Amino acid sequence: MERRTFLTISGGALSALAADWALGPTDALAQARDGKPVDDDFLTLLENTTQPLADLATEQRQHTALLLDAYLATVTELIEHGRYSPATGKRQHTLAASLAQTVAWHRFDLGQHAPASQYWIAALHNAHAAGDHDMGAGLLGDLACARPVTDLVPVRSAGVESKRLVGPLHLAGFAAAA
C-alpha cells in the first residue's frame, strides 16, 4: 500500500491551515517573473474551456480527468514560470483554484481521499493568492465535509448513543477566533 494514502486531515490541522490561509501574505502575486509573458488570449481560452469540462455529468468524468489534470499543470506552469501583471496573476490563481477544486472532487469521488485533500489545499493556497475569500471559505467547507467517516465517534446524550462529527468546522466561529 502506498504510504501517502494514509494522509488524512484532522480537525486541528484543518483549523491551522485555515488560520494560515486567512493571515498569510498575498504579496507573492506582485513579484516580477523572469519567464515568458503570459498571453491573455491563451488564459481566456483556458478559462472558457475549463468550466464546461467541470460541468459535465459525473459519469463523464472518466473522459475528462486527464484533460483537467493537464489544464491544472499548464496553469501551474504559467504561474511558476510566466511573466504577468498582477491582474493576470489573479486570474491564473483563480483558475488554478477552480481546477484544483474540481480535480479534488474527482479524486474524492474515486475514493482517493488523500490526493483529494492535497488538491483542496493547493486550491486554498491559490484562492488566497487571488484574494478570493469566498472561494477560500468554500474550499475550507469542502475539506471539512470530506473528512473521513473515521472522525465519527459515539456520543452519549441523555442515555442515548448517537454519532456526531468530532470538532466540526464552524466558519463563523473560526473567523471570530482570528
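In this text the structure is predicted, and so the values were computed from the model without any measurement. Side chains included, hydrogens not; waters and symmetry mates left out as well; all remaining heavy atoms used.
Between Tyr119 and Gln101 the shortest side-chain heavy-atom distance does not fall below 4.5 Å. The shortest distance between side-chain heavy atoms of Asp142 and Leu139 falls below 4.5 Å.
When the side chain to side chain donor-acceptor pair (under 3.5 Å) test is applied to Thr88, the partners found at least two apart in sequence or on another chain are Asp40, Ser85. Looking at residues two or more places apart in sequence or on another chain, you find no side chain to side chain donor-acceptor pair (under 3.5 Å) involving Glu77. For Asp39, the side chain to side chain donor-acceptor pair (under 3.5 Å) test picks out no residue, with sequence neighbours left out. Looking at residues two or more places apart in sequence or on another chain, you find a side chain to side chain donor-acceptor pair (under 3.5 Å) between Thr49 and Tyr71. Applying the side chain to side chain contact (heavy atoms under 4.5 Å, CB included) rule to Glu47 yields the partners Leu43, Thr44, Arg91, Leu95; only residues at least two apart in sequence or on another chain are considered. With sequence neighbours left out, the ring pair (Phe, Tyr, Trp, His ring centres under 6.0 Å) criterion links Phe108 to Trp105, His113, Trp120.
A donor-acceptor contact shorter than 3.5 Å links the side chain of Asn126 to the backbone of Ala122. Side chain of Thr74 to backbone of Ala70: a donor-acceptor contact under 3.5 angstrom is found.
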Before giving the answer on side chain to side chain contact (heavy atoms under 4.5 Å, CB included), spell out for Met135 and Ser98 the whole-Å C-alpha distance, their side-chain angles and the decisive distance to 0.1 Å. CA-CA 8 Å; Met135 180 180 273; Ser98 176; 4.2 Å; yes

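Taking every heavy atom of both residues into account, Thr50 and Leu46 meet most closely at OG1-O, 2.5 Å. Heavy atoms only, all atoms of each residue included: Ala127 and Ala97 are closest at N-CB, 3.7 Å. The heavy-atom pair separating Ala129 from His93 by the smallest distance is CB-ND1, 3.5 Å. Nearest heavy-atom pair, Gly136 versus Leu124, reported as atom, atom and distance to 0.1 Å: O-CD1, 3.5 Å. Shortest non-hydrogen contact noted between Val75 and Ala96 is CG1-CB, 3.8 Å.
Both Leu72 and Phe42 sit in one connected hydrophobic cluster of ILVMFWY residues. Membership requires side-chain heavy atoms under 4.5 Å apart, directly or through other members. In the hydrophobic clustering of this structure, Val38 groups with Leu45; members are Ile, Leu, Val, Met, Phe, Trp, Tyr whose side-chain heavy atoms approach within less than 4.5 Å, directly or through other members. Under the 4.5 Å side-chain heavy-atom criterion for ILVMFWY residues, a single connected hydrophobic cluster contains both Leu67 and Leu78.
The OG1 atom of Thr102 sits 11.5 Å away from the CZ atom of Arg107 when rounded to the nearest 0.5 Å.
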